[in-house]
Protein chains: 2
Amino acid sequence: MIPRSARSSGAALSAEGALRTRGLRSTMPRRVILDVVRATDTHPTAAIVFERVRRRLPRVSLATVYRNLRRLAAEGLLRERVEATGLRFDPNVGPHDHFICVACGRILDLPRREGARRGRAALSRGEHVRTAARYGLEVIDRRVELYGRCRNCRRRGGPVSGLWRAT
Amino acid sequence: MIPRSARSSGAALSAEGALRTRGLRSTMPRRVILDVVRATDTHPTAAIVFERVRRRLPRVSLATVYRNLRRLAAEGLLRERVEATGLRFDPNVGPHDHFICVACGRILDLPRREGARRGRAALSRGEHVRTAARYGLEVIDRRVELYGRCRNCRRRGGPVSGLWRAT
DNA sequence: CTTGGTGCAAACCTTTTGCACTTTT
DNA sequence: AAAAGTGCAAAAGGTTTGCACCAAG
């Protein structure tokens, strides 16, 4: 949905380099964890990341995976998202929204309408921000999720699965 | 933010009546649980609901509170929301968005721009839906959360607390 | 050598489940 | 009387923490 090349701001840097810029020690588990999430476009859970990291480093512990995912998110190298199924991690740290297919469960990244512009100014427009401003609220960030059916599921007329719990 | 009178569609009905309309048995714990959440505008967790229900019915169990909150949400009498801190329950089942103050943690309901209209048609407009349509996605519902500082916190210049984990 | 990171196991918390008993219809 | 709901206790996730050992700067 979002061109791969633009997905992760700073993804141009190797894991090694990205860690350096944040003053984080470059340990083997940490590098692999970051690499694994970056190779992803499905917002993996900690368990999924753990499983994949283990293929490369059979001795890592789940605790290490959690500690690092949290840390990497805190440093802005990943984005953390709370889902009904648990925590998920997104290598795309730029501004974008999500579409969740209620038939197949897939999560798609959606570009922001104002995505072309940069910084705080990008948020000065848009209906939500205007609505909030009317109440004296200062908007810093936002989270938008659309629920529906993706192109494939529409085509094959897939039903809305039980996966769709209220948002 | 949203007038109390319009907060819960169907809130005009007593808990008793609301349960009837869904074919749910009207048991004492169930009525009190619904009443407690309805008396709320802070999206309480199950634990909070449990504590308040217990003041009126000292013998209820946490399991009963969970079972009923879930059931009431499934029947559309409450709305269930997944937060970092756990499940939260919202008596406002009409379409609305949320504003979360990153300084004090308060959650405010925001009316939808198209709130005046009704049904599926209400969603046919808006930037997100248009964006999604461009990708062949059919939008059924959406969840919007704005993060920022509320009027009070702006006034007293409160800092953005550590409460603000990435969304 | 010092600081920070790691593995392991145990602890934690929130949510769910099995079962015998009670209440609603 | 049948069906649905309840309390209790135990189980089940998913995530965090304490601690002794190890590695990076």
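Computed from heavy atoms alone, side chains included, the values below leave out hydrogens, waters and symmetry copies. Every chain is numbered from 1, with letters handed out A, B, ... down the list of sequences.
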Side-chain donor/acceptor of [X] to backbone N/O of [Y], under 3.5 Å:
| X | Y | result |
| --- | --- | --- |
| R154(A) | G136(B) | yes |
| R30(A) | R25(A) | yes |
| R79(A) | N92(A) | no |

Specify the separation, in whole Å, of atom [atom1] of [X] and atom [atom2] of [N].
| X | N | atom1 | atom2 | answer |
| --- | --- | --- | --- | --- |
| I33(B) | dT6(D) | CD1 | C1' | 10 Å |
| F50(B) | dT6(D) | CZ | P | 13 Å |
| R88(B) | dT14(C) | CZ | P | 11 Å |
| L62(B) | dA10(D) | CG | C1' | 14 Å |
| L69(A) | dT16(D) | CG | P | 10 Å |
| L72(B) | dG5(D) | CG | C1' | 13 Å |
| N68(B) | dT17(C) | CG | P | 15 Å |
| E51(B) | dT14(C) | CD | P | 13 Å |

Is there side-chain contact between [X] and [Y], with heavy atoms separated by less than 4.5 Å?
| X | Y | answer |
| --- | --- | --- |
| T40(B) | R52(B) | yes |
| V53(B) | P29(B) | no |
| D109(A) | D41(A) | no |

Does a nitrogen or oxygen in the side chain of R59(A) sit under 4.0 Å from OP1 or OP2 of dT6(C)?
no

Is T64(B) close enough to dG7(D) that one of its side-chain N or O atoms is under 4.0 Å from OP1 or OP2 there?
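Yes.
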
Which part of the nucleic acid does R67(A) contact within heavy-atom distance under 4.0 Å: base, sugar-phosphate only, or nothing?
base

Touch check for R30(B), heavy atoms < 4.0 angstrom, all strands: base, sugar-phosphate only, or nothing?
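Sugar-phosphate, backbone atoms only, no base.
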
Write out a two-atom table: protein N or O, nucleotide N or O from nucleotides 11-14 of chain D, distance below 3.5 Å.
none

Nearest atoms (heavy-atom pairs only) where P111(B) meets Y135(A):
CG-OH, 3.2 Å

Looking at every heavy atom in both L34(A) and A18(A), which two are closest together, and how far apart are they?
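What the structure gives for the nearest pair is CD2-CB, 4.3 Å.
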
In 5'-to-3' order, the base (B), backbone-only (S) or no-contact (-) status of each nucleotide in nucleotides 20-25 of chain C, using a 4.0 angstrom heavy-atom cut-off, is ----BS

Quick check: on DNA chain C, is the nucleotide nearest R71(A) upstream (toward 5') of the one nearest A63(A), or the reverse? Name the residue that is more 5'.
R71(A)

Ring-plane angle category for H43(B) and H96(B), please: parallel below 30°, perpendicular beyond 60°, tilted otherwise.
parallel

